[in-house]
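Structure first, then comments.
Within every chain, numbering begins at 1; the chains are lettered A, B, ... in the order of the sequence lines, protein sequences first and strands thereafter. Values reported hereafter were calculated over all heavy atoms of this structure, with side chains retained and with hydrogens, waters and symmetry mates removed.
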Number of protein chains: 2
Amino acid sequence: MSASLALPVGAVLAPATMVYRQQTVRAHHPVDRLDTDRPVTCTLQFNQDRGIYGEGDDAEFFYKVMSGVVRTCRFLSDGRRQIDAFHVAGDLFGFEAGTEYSLTAEAVTDCTVASFRRQSVDVSRDLFAYAMRGMLRAQEHALLLGRRSAVEKVAAFLLDCAARARDAAVIELEMTRQDIADYLGLTIETVSRTLSMLEKNKTIAIFSPRRIRLCDRHALELLKA
Amino acid sequence: MSASLALPVGAVLAPATMVYRQQTVRAHHPVDRLDTDRPVTCTLQFNQDRGIYGEGDDAEFFYKVMSGVVRTCRFLSDGRRQIDAFHVAGDLFGFEAGTEYSLTAEAVTDCTVASFRRQSVDVSRDLFAYAMRGMLRAQEHALLLGRRSAVEKVAAFLLDCAARARDAAVIELEMTRQDIADYLGLTIETVSRTLSMLEKNKTIAIFSPRRIRLCDRHALELLKA
DNA sequence: CGTCCAGTTGACTCACCTCAAACGTGGTGG
DNA sequence: CCACCACGTTTGAGGTGAGTCAACTGGACG
């Protein structure tokens, strides 16, 4: 998606080894490699599953996704993971109320992000609006997690993906079943079973695990509600 | 809480009849009764369970709780309710990204709120910080709802209440079990059973349904994690 | 004293989780 | 070219935590 962008910097491959069901190793923060003479923005690349920043790191920067997908998530002490959001091209992430990141950000796919020094950007009306939308998004997510069944969650997720994609009928999932499960507060098996069931219903068609056609959008809307 | 405030207006008792397991009747919006010559702020009182505003209403105002407790929530079409947050004295609510409220606000207890005309208030650094904290809160809530068991949810809730109360040991729950259940994404029975279990554990003592002592705070912290 | 309502408790059910095995595709090496 | 492996995914069988339904409790109020 939006592959036409110039990718000037062959920067930063953070040394984090991502091990699921354990704490992520803290990502080596891109700060160190940034050119502080051009404080406004700097473009960085991350390979799949690399950490961009870790919960508790100093929140000096925030980011904009230029290409690829980024997840922001949090871990419980026993390794359970909750994904807060998937960020795609154009999305901002890494906004913080305090001085530290409250979430961990990692690359879902190989991706390119632009970083902005926090204090260099005015608290403009735009950013305020963005923060408000972030709050709304988080509230929707809480509603999804709190009061919906597995089918309802998966249906909502698929429709959400479709809404983001250019082609609304066939969607390309950029993330693993585990990512989806951790976003929806389910297990990988339940996600898989639910998708299979929707396929049997003729509600969707699964071309390959990551490539799905929404055959009966209306049925999905009904499930979601 | 903070009962020393002046309560100048005996205003607005919204005609909404709150019926659980059905859509709330849209609250009669306080707009109509506001003195538009003093656009900055106006103090309003609401009786228990009255609507303050409804999802979809024009978001002309936002509010600050002066006394009492307010809940913001959303309903699914079948009547399931998800409470987004409980707002106590000092908290702001009713911020919106768009022009309409995305949640419904209702009085949990009799309460007093100050209203602010939206455009009369500058998008100041303070409000921005508040929006960011709201986002953080919503994310924490999503983590709670997505990946935690009933005991963990209840433990987290109790600690949260204690953190807000002056006296950290004995907490006064201002809301019903149904409210708690809808906040935690559980049923009223599960909340009740879990509290009973914690009492049998000697982790808490239940003086009356709404009055609880946290005997073993450490145990609760462990559960929460 | 009876009614009402919030809360509690019990018995049973079921949606989702757990554990385990099989599948399929893409990559590597013989 | 095929055998093999690795890994993400699917499928199956069985267990369990929380939901459902229903009965009971206890304080507030008339």
Query raised in the report: Which comes earlier along DNA chain D counting from the 5' end, the contact point of A/Arg193 or that of A/Arg210, where each point is its nearest nucleotide?
Result: A/Arg210
Distance in angstrom units between [X] [atom1] and [N] [atom2], rounded:
X	N	atom1	atom2	value
A/Ile188	C/dT18	CD1	P	12 Å
B/Lys153	D/dG17	NZ	C1'	11 Å
A/Gln48	D/dG8	CD	C1'	12 Å
A/Met197	D/dT10	CE	C1'	15 Å
B/Ile206	C/dT8	CD1	C1'	10 Å
B/Arg147	C/dC16	CZ	C1'	12 Å
A/Asp78	C/dC17	CG	P	15 Å
A/Phe207	C/dT25	CZ	C1'	18 Å

When we call it a touch if two heavy atoms are under 4.0 Å apart, what does [X] touch: a base, just sugar-phosphate, or nothing?
X	value
B/Leu195	nothing
A/Ser149	sugar-phosphate
A/Ser192	base

Requested in this report: Give the nucleotide from the list D/dG19, D/dT9, C/dG7 with an atom nearest to the side chain of B/Thr187.
Outcome: D/dG19
Query raised in the report: Given C/dT9, D/dT10, D/dA18, which nucleotide is nearest the side-chain atoms of B/Ser196?
Result: C/dT9
Query - B/Arg164 with B/Glu174: basic N within carboxylate O range, under 4.0 Å - result: no
Query raised in the report: With respect to A/Phe86, which candidate in A/Val70, A/Leu173, A/Val69 satisfies the side-chain contact (heavy atoms from CB on, under 4.5 Å) definition?
Result: A/Val69
Query raised in the report: Side-chain N or O of B/Thr190 less than 4.0 angstrom from OP1 or OP2 on D/dG19?
Result: yes
Query - The single option from A/Arg166, A/Arg213, A/Arg211 passing salt bridge (Lys or Arg N to Asp or Glu O under 4.0 Å) against A/Glu172 - result: A/Arg211
Report summary line: salt bridge (Lys or Arg N to Asp or Glu O under 4.0 Å) with B/Asp182: of B/Arg177, B/Arg74, B/Arg81, only one passes, and it is B/Arg81
Query raised in the report: Relative to each other, are the rings of B/Tyr63 and B/Phe93 parallel, tilted or perpendicular (30° and 60° limits)?
Result: parallel
Query raised in the report: Is there a donor and acceptor pair, one atom on the side chain of B/Glu189 and one on the base of D/dC21, closer than 3.5 Å?
Result: yes
